[in-house]
Amino acid sequence: MRPRKVASAVALLPLAVLVTWSVPERMAAPDREGTRAAPAAPRPPIVARLSWHADEDAVREEPAYSGPVEGVVIHHTNHPNGYDCERDVPGLLRAMQDAHIEGKGWDDLGYNFVVDKCGNVYEGRAGGVHRPVLGAHTKGFNTHTVGIAALGRFEEGEEVPRAMLDAIAAVAAWKLRPGVDPRGSVRLVSTNDASRYPEGTAVKLDVITGHRDAYDTDCPGQALYDALPWLRTHTARLRE
């Protein structure tokens, strides 16, 4: 998605100063019965909303939760790929949050996580990174999925940085509920006629799927979409 506003011209401190890194951990998440089970992979470092100065006053509603994460939907944000990770990313995230709230009428930033080309993972939609926060990233299939957005375009012929792919795989390995095979498929039911499938349709999707597989879009960019088989295999290895 293309942000409505450009990043602020206000000078930003280097990201290394702004960021408080979350320590990798295995925090138990609720399973189907409501008890807590340790995730299949450790939590990667995540840049908190506080560090990129998310506008908490602009958030319209309290977060909602959808239950255990059964699938991962990969997106791109459609920003130019030439940004500077330390200097530009916090402003890009704030502009994107504003575009999603004011431009699209959503409650908050749509994606659960955003990953930059340097491999930094940012907390997206508020509600607790370890919880199954209901996003606004995929019409019809937000329930039981996590939305991970690659900051950039990554169209056909462009290189997707290895650091970015590694970080996406790390988030996917951590967020998927124990027992899910990242190389497999999942049955999800469409909740919105605006998706590729009418509301109420049961759909078989890859556990790690591209946004275009559920919605009429070219997201993620072709280079990133072509990397999905590698992401599935690498994510599975991280959960072994």
Would you kindly confirm whether Ile101 and Trp52 end up in one hydrophobic cluster when ILVMFWY residues are joined by side chain heavy atoms under 4.5 Å apart?
no
Answer yes if Val133 and Leu188 sit in the same cluster of Ile, Leu, Val, Met, Phe, Trp and Tyr residues linked by side chain heavy atoms under 4.5 Å apart, and no otherwise.
no
State plainly whether the residues [X] and [Y] are in salt-bridge range, i.e. N to O under 4.0 Å.
X: Glu158; Y: Arg153; value: no
X: Arg94; Y: Asp98; value: no
X: Asp206; Y: Arg232; value: yes

Donor-acceptor contact present, side-chain [X] to main-chain [Y], <3.5 Å:
X: Asp213; Y: Thr209; value: no
X: Tyr83; Y: Gly152; value: no
X: Asn120; Y: Asp116; value: no

So which atom in [X] and which in [Y] form the shortest heavy-atom distance, rounded to 0.1 Å?
X: His144; Y: Pro68; value: ND1-O, 2.8 Å
X: Val207; Y: Val180; value: CG1-CG1, 3.6 Å
X: Ala150; Y: Ile168; value: CB-CD1, 4.3 Å
X: Pro178; Y: Arg239; value: CA-NH2, 3.8 Å
X: Gly210; Y: Val73; value: C-CG1, 4.3 Å
X: Arg49; Y: Val59; value: NH2-CG2, 3.6 Å

Determine, for Tyr215 and Arg196, whether the Lys NZ or Arg CZ falls below 6.0 Å from the six-membered ring centre while staying within 45 degrees of the axis.
no
Does any part of the side chain of [Y], heavy atoms only, come nearer than 4.5 Å to the side chain of [X], both counted from C-beta?
X: Val171; Y: Pro44; result: yes
X: His76; Y: His211; result: no
X: Leu93; Y: Tyr122; result: yes
X: His75; Y: Arg212; result: no
X: Thr145; Y: Val69; result: no
X: Tyr111; Y: His100; result: yes
X: Glu61; Y: Trp106; result: no
X: Met164; Y: Lys117; result: yes

Between Ile148 and the options Asn112, Val72, Leu231, the side chain to side chain contact (heavy atoms under 4.5 Å, CB included) test singles out Val72
Stepwise side-chain contact (heavy atoms from CB on, under 4.5 Å) check, Met96 with His79
CA-CA 10 Å; Met96 187 160 54; His79 290 85; 3.8 Å; yes
Aromatic plane relationship, Phe113 with Trp174 - under 30° parallel, 30 to 60° tilted, over 60° perpendicular
perpendicular
Look at the rings of Tyr197 and Phe141 and say which category their plane angle falls in: under 30° parallel, 30 to 60° tilted, over 60° perpendicular.
perpendicular
How about [X] and [Y]: does a side-chain donor come under 3.5 Å of a side-chain acceptor?
X: Asp55; Y: Gln97; value: no
X: Thr201; Y: Ser190; value: no
X: Tyr225; Y: Asp218; value: no

Identify, with sequence neighbours excluded, every residue that meets side-chain contact (heavy atoms from CB on, under 4.5 Å) alongside Ala167.
Val115, Val121
Here's a test for you: under salt bridge (charged side-chain N to carboxylate O under 4.0 Å, His left out), which of Lys175, Lys204, Arg177 qualifies with Glu70?
Arg177
Under the side-chain contact (heavy atoms from CB on, under 4.5 Å) rule, what do Val47 and Glu123 come out as? Steps first, then yes or no, please.
CA-CA 6 Å; Val47 182; Glu123 179 183 10; over 6 Å; no
Separation between OG (Ser195) and CG (Asp216), nearest 0.5 Å, reads 10.5 Å
Hey, what do you get for OG1 (Thr235) to CG (Asp166), rounding to the nearest 0.5 Å?
9.5 Å
Going through the checks in order, is the side-chain contact (heavy atoms from CB on, under 4.5 Å) test met by Cys219 and Asn78?
CA-CA 8 Å; Cys219 173; Asn78 210 27; over 6 Å; no
Pairs where residues 72-81 contributes a residue and the test salt bridge (Lys or Arg N to Asp or Glu O under 4.0 Å) is met, not counting sequence neighbours
none
Residue pairs meeting salt bridge (Lys or Arg N to Asp or Glu O under 4.0 Å), one or both in residues 178-193, sequence neighbours left out, come to Asp181-Arg183
